[in-house]
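Atoms within each ligand, like the ligands themselves, are counted from 1 in listed order. Quantities reported herein were computed from a predicted structural model and do not represent experimental measurements.
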Amino acid sequence: MTGTADSAHFMARAMRLAERGLYTTDPNPRVGCVLVREGRIVGEGWHRRAGEPHAERIALAAAGEAARGATAYVTLEPCAHHGRTPPCATGLVEAGVARVVAAMNDPNPRVAGQGVAILREAGVATSVGLLAAEAERLNPGFLKRMRTGLPYVRCKLAMSLDGRTAMDSGESKWITGEAARADVQRLRARSSAVVTGINTVLTDDPSLNVRLNGDDEGDTRQPLRVVLDTRLRMPPRAHMLRLAGATLVVCGEHASEEAEAELRVAGADVQRLPQLGGRIDLQRLLLALAAREVNEVLIESGAVLAGAMLAAGLVDELIVYQAPHLLGDAARGLVRLPGLERLDDRLRFVFVDARRVGDDMRLTLRPEPRQALV
Ligand code: AOF
Ligand code: ZN
């Protein structure tokens, strides 16, 4: 019989396996599975990409006959639906697995509880909840989208020790160092979409793509690049339109049709969305992205868009890189929050992590339970 400590150990192993899909499973969740018989691992698997076998199928194939009578540790409830692949719950039953330990239920309405129901009906002892908090952390975007219809939003910012981003003249370039930039590449790589504003495009002509140095370079999944551009000022010659991966330009309902046609010829997708106070309605933007199966969004923008996202209470996580430099109080501030006039209106966060990345600091924060400026 396997004790609680052993169970946690095997589930932790399943989570390490799931993490291998961090950059590739999108829009599917990262899932890992470990099959254990008589205290020994007889098969392992993790989901690599949508359309390919789920974690359980890979583990079952690896175990073969040894799966009979085994316990399956899975980081997410086995699926119950015929999607791109046949249901895993049925696969586990057919392989003769005796027990299934799932870290959490799958909130996907096509699964939600039904995977567990299939297992129980077939007489497979099934429990849910082991290391549930850790399992949540594997898939913040997929889980939030399934539960609320909105993606999980990270806002990345870079600033000096005194919270400044650029000189008053606009002169900026990179404030943070090499290691922080490499860290941003990993943030991009795990994201379904990277969002910026047209002003950033006009000023910096950024690539917003993923350039991970590793063995799988040619194989890297590129997040959808999203440019918020109410009046379609995006130049058809923008650098990002020449790169691998898709670019979506989001504009207001009255933007020029000619500009839209030109951008489409240049390879961009264009979507019109309603405006709110002269700017694209950010809530509608996030809903539109979720409708495209976007799980994790990375906002990489200037002070205006970042401020608007924060003020609207749409940011789930703030990631701030802080360089050990002083720019002085004439330099530009981190975020524009025009509605903020009284101290009582300040936006509050809690630190969830603080660590050094090369010569810089990386601060990770979450908003204090909901308070929006507007
Ligand atoms: C599992 N194991 O490894 C994963 C699951 O389109 P499909 O067929 O790949 O199904 C995708 C859905 O299956 C996804 O939305 C999620 O609910 C579940 N993912 N389930 O049992 C896995 N990746
Ligand atoms: Zn499955």
Side-chain angles (χ1 to χ4, degrees), residues 10-36 41 43-63 67 70-95 97 99-122 124 126-132 134-152 190 192-193 221 289-296:
F10 291 128
M11 186 62 87
R13 170 75 193 149
M15 293 197 179
R16 295 293 84 75
L17 292 167
E19 278 167 3
R20 295 193 192 171
L22 184 64
Y23 301 146
T24 54
T25 64
D26 197 72
N28 273 358
R30 300 126 190 165
V31 182
C33 176
V34 173
L35 288 166
V36 177
I41 295 180
E44 294 186 330
W46 52 282
H47 183 52
R48 184 187 292 269
R49 59 171 66 79
E52 292 182 14
H54 287 180
E56 299 90 322
R57 293 281 177 186
I58 292 173
L60 288 172
T71 297
Y73 294 89
V74 274
T75 59
L76 188 69
E77 173 183 2
C79 67
H81 66 291
H82 286 271
R84 285 172 271 232
T85 58
C88 291
T90 316
L92 290 162
V93 171
E94 285 167 1
V97 166
R99 190 163 76 106
V100 172
V101 181
M104 62 181 298
N105 280 119
D106 183 349
N108 184 346
R110 298 201 295 165
V111 181
Q114 299 166 58
V116 168
I118 290 176
L119 293 166
R120 289 200 174 134
E121 272 160 34
V124 179
T126 304
S127 72
V128 180
L130 179 65
L131 301 189
E134 286 79 0
E136 285 274 336
R137 280 202 287 275
L138 283 170
N139 295 301
F142 173 81
L143 297 172
K144 187 179 173 200
R145 174 164 70 85
M146 287 298 157
R147 288 171 181 148
T148 69
L150 287 169
Y152 184 87
R190 66 171 297 165
S192 320
R221 180 189 60 83
L289 292 180
R292 291 172 182 253
E293 297 193 301
V294 163
N295 292 332
E296 297 179 25

Could you check whether any side-chain heavy atom of [X] comes within less than 4.5 Å of a side-chain heavy atom of [Y], counting everything from C-beta outward?
X    : Y    : answer
R292 : S192 : no
N108 : E77  : no
R49  : Y23  : no
L138 : T75  : yes
H82  : P87  : yes
M11  : E134 : no

### Polar protein atoms near the Zn ion (ligand 2) [N, O or S; cut-off under 2.8 Å]
H54 ND1, C79 SG, C88 SG
### Message
Nearest 0.5 Å, please: how far is OH in Y73 from CD1 in I41?
### Response
10.0 Å
### Message
Please identify which of these residues, M15, M104, R137, meets the side chain to side chain contact (heavy atoms under 4.5 Å, CB included) condition with L131.
### Response
M15
### Task
Identify the two heavy atoms, one from H81 and one from V111, that lie closest to each other, and give their separation to 0.1 Å.
ND1-CG2, 3.5 Å
### Task
List, ordered by chain and residue number, the protein residues whose closest non-hydrogen atom lies under 4.0 Å from any atom of ligand 1.
N28, P29, V31, H47, H54, A55, E56, E77, P78, C79, H81, G83, R84, T85, C88, D106, N108, V111, F142
